[in-house]
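Report on the structure given below.
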Amino acid sequence: MELETEVLSLVNKALEKAGLSSARVVRLQKPPSPELGHFALMVNPLAKKKDPEKIGEQLKEALQSFKLVEKAVLAVSETKKGKKQVYLNLFLNETALRNARAEFHNQVLTHVFSPDFGKWEDFKGKTAVVEHTSANPISPLHVGNLRNSLHGDAFANILESLGYDVSRRYYVNDVGLQIAFTVVGYEILFYHLNVRPDEKIDVWLGQVYASMNCLYTIQDLKEWAKEEFENVEFSSDVYSLSEKELSEILSQIDKSIKDLNALIEETPRNDKQSKKHQDKTPEELRLKEFSDKKSEFKKYFAVQHSLQARFPFIFSSLHSYLIENNIDLKTRTREYLSTYEANPDSPIATLFREMVNWCLAGFQNTLGKFKVVFDAFDFESEITWSGMPKEIITRLAELRGIDTSKGLKGLRYTYPNDKVVALLKEIGRDRKTVPHRDNIPDLQLTRADGTALYPTKDIAYSIYKFQKTSADKVYNVVGAEQVLPQFQLLLPLWEMGYGNYAANLHHYVYEIVSLKNRIMSGRLAQYVTADDFYKETLVRARIAKKENDQERGVDLAKEDLDLFNSIVEAITLSVIRFSLLESDPKRRIVLDIDQALDLRQSSGPFVQYALARTHGIFRKAKEQFGISEGSILAEKIDVSVLTADREAKLFEMLGSIHDVLLRCYVEMNVSYVPKFAFELAQEFMKYYESTPILKGTNREEMIARLALVRAIQRVLTFLLELMGIPAVTQM
RNA sequence: GGAUCCGUGGCCUAGUUUGGAAGGGCACCGGCCUCCGGAGCCGGCGGCAGGGGUUCAAAUCCCCUCGGAUCCGCCA
């Protein structure tokens with residue numbers, strides 16, 4: 001602001017007068033509350049070794065002699081340790097202040113009322129990819145996935161608003177063991193037993209997945225035990241774990257653990273030197289294996305009973321089918337998986353696709369409720385079939401001088417320090433932000449059989465995302481637990497000559513959502529689904545709306561059901577989107593469903609209510625003065641009559657939206673939007689309570705205030721749109 | 001063992017990038033509808049995990065300790 005530089009020059013003059021021409025850059029700051037003044041000057045840094053209070057006194061005298069300064073007040077506060085902090089608070093001359101404010105207010109209004117408000121051109125002509133959600137298509141979306149979707153979607157909206165052409169993409173992980181055994185189960189139920197889903201498809205598949213996972217894991221565990229322990233008696237059913245088997249196996253494991261512990265105790269302590277070697281001894285590794293297995297056995301013993309109890313039909317049908325038809329589940333799963341990876345035209349591939357697409361349709365149905373849509377679904381299988389992973393492996397092996405004449409089996413990609421340093425330098429990233437610093441773990445590129453592993457396909461997919469869309473930036477909205485794998489993508493890209501991709505591939509980090517008093521686990525088919533969350537919130541919103549109508553003596557549901565429903569939906573979406581977006585994405589949230597459903601505690605409805613009030617004002621304005629939202633611009637608006645500090649604060653906020661969005665962009669953090677919307681709504685509420693809009697002293701003032709209200713309304717509506725929330729005009 | 005993130009009143013949280021007067025919300029207590037809609041407003045209670053360092057000045061930067069989460073698989 002120009003006013004600020006003017007005041008600053010006065011401060012410098014005053015400093016000279018006091019013989020304190022400072023080498024340091026003098027900065028003005030805003031006092032914490034308007035009653036303290038318009039600008040504040042920190043005296044301590046100017047005083048150097050002298051008494052800051054005396055210096056402050058001198059400066060005060062000097063500054064007060066200027067016309068622009070109405071008065072200056074010395075304020076002293078103390079730090080915890082009793083150090084004095086001296087501020088010189090400056091109150092400016094009324095008319096000068098008014099002129100400066102009027103100019104700024106006019107700028108803000110012009111900006112907010114311009115037809116292309118909300119469309120900035122910072123990144124005009126650039127393209128960005130936002131990949132988000134990307135949940136495995138074998139169980140319903142839960143509130144954790146929803147946090148991902150909503151952040152990804154809102155971030156994409158912000159990028160668009162800043163001028164990017166955005167492609168919203170979903171990476172479908174349709175290749176993998178878990179998918180494969182779920183397909184095996186799907187085929188059995190749907191085609192061999194003619195079972196039809198009696199629930200939403202993704203929910204039903206979630207039960208199939210949990211059941212198959214349990215059967216598969218128990219088979220695997222028992223095979224392990226059979227090899228380890230010869231004297232345990234196993235039943236012929238490899239897919240279930242009896243109490244007798246469990247206790248025998250556990251006692252065997254305990255015995256082994258005891259033996260190993262004794263062995264480790266006996267071996268002479270490694271000296272400190274070798275402690276630096278983090279490699280565990282073979283005994284220690286075995287010990288870990290045993291204790292891991294022990295907890296797995298216990299866990300899956302419980303899991304099988306839990307699933308049997310909760311989904312008896314699906315679980316038993318699958319279980320008995322496998323036994324009666326003598327199917328080796330592990331073998332069949334591997335067969336299905338390798339067929340799918342190798343042959344896109346096989347019937348098995350068709351089966352995979354059928355199931356996956358069906359599940360994705362369920363996801364789209366869910367996400368549609370939250371107004372989240374995608375431009376593309378990219379299948380991991382397509383990436384596999386494209387041959388890109390193989391090319392990447394070969395190329396990386398070549399670059400590292402690895403002999404591949406005997407095939408590509410069990411290839412590891414390492415992260416040599418010098419290469420990492422060079423990479424970081426080129427992409428301008430701080431070493432501190434790198435997980436594991438100078439000891440980044442290797443990346444396993446291929447299996448023992450030479451087929452590509454997930455990380456390799458991820459490298460391929462990263463390249464694909466850039467090339468398919470000619471993107472300048474790619475954002476992956478991925479959980480915080482994946483910071484390492486996300487970073488590991490960069491070096492291979494850079495090494496293969498895609499330094500530009502490495503520099504522009506970003507990880508939008510978000511933390512998981514956990515639930516108070518509830519456990520979420522896909523493998524147990526235990527979760528609060530996004531659908532349930534929506535449904536429950538909708539019910540609450542409807543009740544709240546009904547109660548509210550009753551208090552006001554209306555019955556909107558009777559008068560206009562469509563309007564009633566649209567309001568309830570808007571409130572629902574605001575509750576959900578605010579509750580998952582307003583906290584820092586890097587912060588873990590523990591969702592207390594009951595509390596989240598208490599609408600009066602959510603900032604979503606609060607913002608909507610503020611918006612409803614702005615519309616209420618205009619309804620009245622039209623009634624009484626014939627002025628509407630549309631016609632206000634035709635009036636002669638003179639904002640110079642708005643001189644209150646509250647009004648100045650509101651204009652200042654309205655003028656800062658672009659900065660807020662840029663901050664979201666730079667920090668990859670959407671949460672500033674709902675925070676800002678809430679603050680603006682809050683500030684407006686205070687204004688509304690303190691200042692009569694339509695009952696101002698004169699028409700000029702009323703028009704100016706209406707214009708301000710209209711601007712607030714526009715901005716709030718825009719902010720809600722960014723978050724994918726429909727804005728209400730009444731509540 | 002190594003690495004990353006986090007710790008702000010009874011509970012949830014903003015502020016940490018760029019050091020400068022600790023903001024909100026819930027809960028609790030007390031006020032405010034003859035008024036542009038009380039899903040609101042006003043007031044009260046109460047806080048930077050602990051220690052050290054740098055600085056005129058530290059919630060913020062550096063180091064240590066404690067506490068929590070996560071990552072270091074031929075799983076995806």
Side-chain angles (χ1 to χ4, degrees), chain A residues 27 29 31-33 36 40 42-49 52 75-81 83-87 89 136 173 175-179 275-280 380 409-412 432-442 444-449 451 453-455 457-458 479-485 509 511-512 544-545 547-548 551-552 571 582-584 586-590 592 595 598-603 605-606 608-610 612-621 624 663 666-667 671 675 678-679 682 685-686 688-695 709 730-731:
Chain A
R27 275 197 319 180
Q29 36 188 300
S33 92
L36 290 174
M42 189 78 215
V43 181
N44 296 58
L46 308 168
K48 308 214 169 139
K49 300 266 154 130
V76 181
S77 75
E78 280 190 8
T79 66
K80 252 191 194 171
K81 290 175 187 166
K83 301 272 186 183
K84 273 183 187 163
Q85 299 267 287
V86 181
Y87 298 87
N89 292 328
N136 285 350
N173 302 114
V175 183
L177 273 186
Q178 300 185 328
I179 308 287
K275 214 181 169 187
K276 279 182 192 161
H277 271 277
Q278 299 152 21
D279 295 334
K280 290 183 173 161
E380 183 183 343
K409 295 176 182 176
L411 273 190
R412 289 172 92 86
K432 276 193 214 158
T433 66
V434 176
H436 297 251
R437 301 263 174 110
D438 43 3
N439 197 17
I440 298 162
D442 298 348
Q444 192 77 35
L445 295 173
T446 60
R447 293 198 181 87
D449 62 6
T451 55
L453 273 159
Y454 182 85
K457 293 184 210 167
D458 235 15
E481 71 281 358
Q482 298 224 43
V483 282
L484 175 64
V509 182
E511 265 288 3
I512 61 162
K545 170 71 181 143
E547 279 175 2
N548 199 42
E551 276 169 35
R552 295 175 51 209
I571 294 169
E582 73 185 337
S583 54
D584 188 322
K586 288 197 242 350
R587 195 181 266 274
R588 252 178 123 78
I589 53 178
V590 181
D592 184 335
Q595 197 179 315
D598 186 349
L599 311 193
R600 310 209 175 223
Q601 286 185 24
S602 168
S603 30
F606 181 88
Q608 295 278 30
Y609 185 59
R613 276 184 158 173
T614 65
H615 287 282
I617 291 169
F618 272 99
R619 267 191 293 277
K620 207 83 176 185
Q624 295 182 357
R663 189 173 180 205
V666 171
E667 293 184 28
S671 71
K675 278 173 198 156
F678 179 73
E679 280 165 22
Q682 201 171 34
M685 290 286 200
K686 287 178 186 173
Y688 178 91
E689 298 280 348
S690 69
T691 315
I693 313 278
L694 299 178
K695 293 181 179 146
V709 170
Q730 59 170 285
M731 267 177 84

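The figures here come from the full heavy-atom set of this structure, side chains too, leaving out hydrogens, waters and symmetry mates. In what follows, chains carry the letters A, B, and so on, assigned in the order in which the sequence lines appear, proteins first and then strands, with residues in each chain numbered from 1.
- Residues A:I440 and A:V434 are in side-chain contact: their nearest non-hydrogen atoms beyond the backbone lie under 4.5 Å apart.
- In terms of position on RNA chain B, the residue among A:H436 and A:R27 whose nearest nucleotide sits closer to the 5' end is A:H436.
- Rounded to a whole angstrom, the distance from the C1' atom of B:G1 to that of B:U8 is 32 Å.
- A distance of 5.0 Å separates CG of A:N136 from CD1 of A:I179, quoted to the nearest 0.5 Å.
- Taking every heavy atom of both residues into account, A:D584 and A:K675 meet most closely at N-NZ, 4.4 Å.
- Between the side chains of A:E582 and A:S603, a donor-acceptor pair is found at a separation under 3.5 Å.
- Nucleic acid contact class of A:M685 (heavy atoms, under 4.0 Å, all strands): sugar-phosphate only.
- Note: CZ (A:F678) to P (B:A39) measures 15 Å, nearest angstrom.
- For A:I512 and B:G68, the CD1 to C1' distance is 13 Å, given to the nearest whole Å.
- With a glycosidic angle no more than 90° from 0, B:C33 adopts the syn conformation.
- Contact check, A:K83 against B:A57: a side-chain N or O comes under 4.0 Å of OP1 or OP2.
- For A:I571 against A:Q608, the heavy-atom pair with the smallest separation is N-NE2, 4.5 Å.
- Atom C1' of nucleotide B:G15 and atom CD of A:E667 are separated by 12 Å, given to the nearest angstrom.
- You'll find that the side chain of A:P45 is closest to B:C56, out of B:U16, B:A21, B:C56.
- Under the side chain to side chain donor-acceptor pair (under 3.5 Å) criterion, A:T451 pairs with A:R447, A:D449, not counting sequence neighbours.
- Here the C1' atom of nucleotide B:C5 and the CD atom of A:E511 are 7 Å apart, to the nearest Å.
- Nearest to the side chain of A:P605, among B:A39, B:A3, B:A21, sits B:A39.
- Checked against B:A39, B:C41, B:G20, the side chain of A:N44 finds its nearest nucleotide in B:G20.
- Taking only side-chain atoms of A:E481, from C-beta outward, the nucleotide of B:G20, B:U70, B:A39 with the closest atom is B:U70.
- Rounded to the nearest Å, the gap between the C1' atom of B:G47 and that of B:G10 is 11 Å.
- A gap of 48 Å separates the P atoms of B:G19 and B:C33, to the nearest Å.
- Atom CD1 of A:I440 and atom C1' of B:C71 are 13 Å apart (whole Å).
- A:A47 comes within contact range of no nucleotide atom at all, as no heavy-atom separation falls under 4.0 Å.
- Not a single salt bridge (Lys or Arg N to Asp or Glu O under 4.0 Å) links A:E481 to another residue, sequence neighbours left out.
- B:U60 sits 15 Å from B:G23 when the C1' atoms are compared, rounded to a whole Å.
- In this structure, the NZ atom of A:K686 is 13 Å from the C1' atom of B:G43, given to the nearest Å.
- Using a 4.0 Å heavy-atom distance criterion, A:P435 is classed as a sugar-phosphate-only contact.
- Judged by ring centres under 5.5 Å apart and planes tilted less than 30 degrees, A:Y87 stacks against the six-membered base ring of B:A21.
- Rounded to whole Å, atom P of B:U18 lies 12 Å from atom CZ of A:R663.
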Name the pairs: protein N/O against N/O of nucleotides 12-14 of chain B, kept only if under 3.5 Å.
| residue | atom | partner | partner atom | Å |
| --- | --- | --- | --- | --- |
| B:A14 | OP2 | A:R587 | NE | 3.1 |
| B:A14 | OP2 | A:R587 | NH2 | 2.7 |

Watson-Crick and G-U pairing of RNA chain B written in dot-bracket, each distance under 3.5 angstrom, with | for inter-strand partners:
(((((((..((((......[..)))).(((((.......)))))....(((((..]....))))))))))))....
Short heteroatom pairs, N/O only, protein and nucleotides 34-37 of chain B, under 3.5 Å:
| residue | atom | partner | partner atom | Å |
| --- | --- | --- | --- | --- |
| B:C35 | O3' | A:K695 | NZ | 3.0 |
| B:C36 | OP1 | A:K695 | NZ | 2.5 |
| B:C36 | O5' | A:K695 | NZ | 3.3 |
| B:C36 | O2 | A:I693 | N | 3.3 |
| B:C36 | O2 | A:L694 | N | 3.1 |
| B:C36 | N3 | A:I693 | N | 3.0 |
| B:C36 | N4 | A:Y688 | O | 2.2 |
| B:C36 | N4 | A:T691 | O | 2.6 |
| B:G37 | O2' | A:Y609 | OH | 2.3 |
| B:G37 | O6 | A:M731 | N | 3.0 |
| B:G37 | N1 | A:R552 | NH1 | 2.7 |
| B:G37 | N1 | A:M731 | O | 2.8 |
| B:G37 | N2 | A:N548 | ND2 | 3.0 |
| B:G37 | N2 | A:R552 | NH1 | 2.8 |

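- Here the side chains of A:D458 and A:P485 are not in contact, with every heavy-atom distance at 4.5 Å or above.
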Which atom pairs link the protein and nucleotides 73-76 of chain B when you take only N or O atoms and keep those under 3.5 Å?
| residue | atom | partner | partner atom | Å |
| --- | --- | --- | --- | --- |
| B:C74 | O2 | A:A448 | N | 2.3 |
| B:C74 | N3 | A:A448 | N | 3.3 |
| B:A76 | OP1 | A:R447 | NH2 | 2.4 |
| B:A76 | O3' | A:V175 | O | 2.7 |

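- Look at A:E511 and A:K586 and you find no salt bridge, because none of the NZ, NE, NH1 or NH2 atoms lies under 4.0 Å from a carboxylate O.
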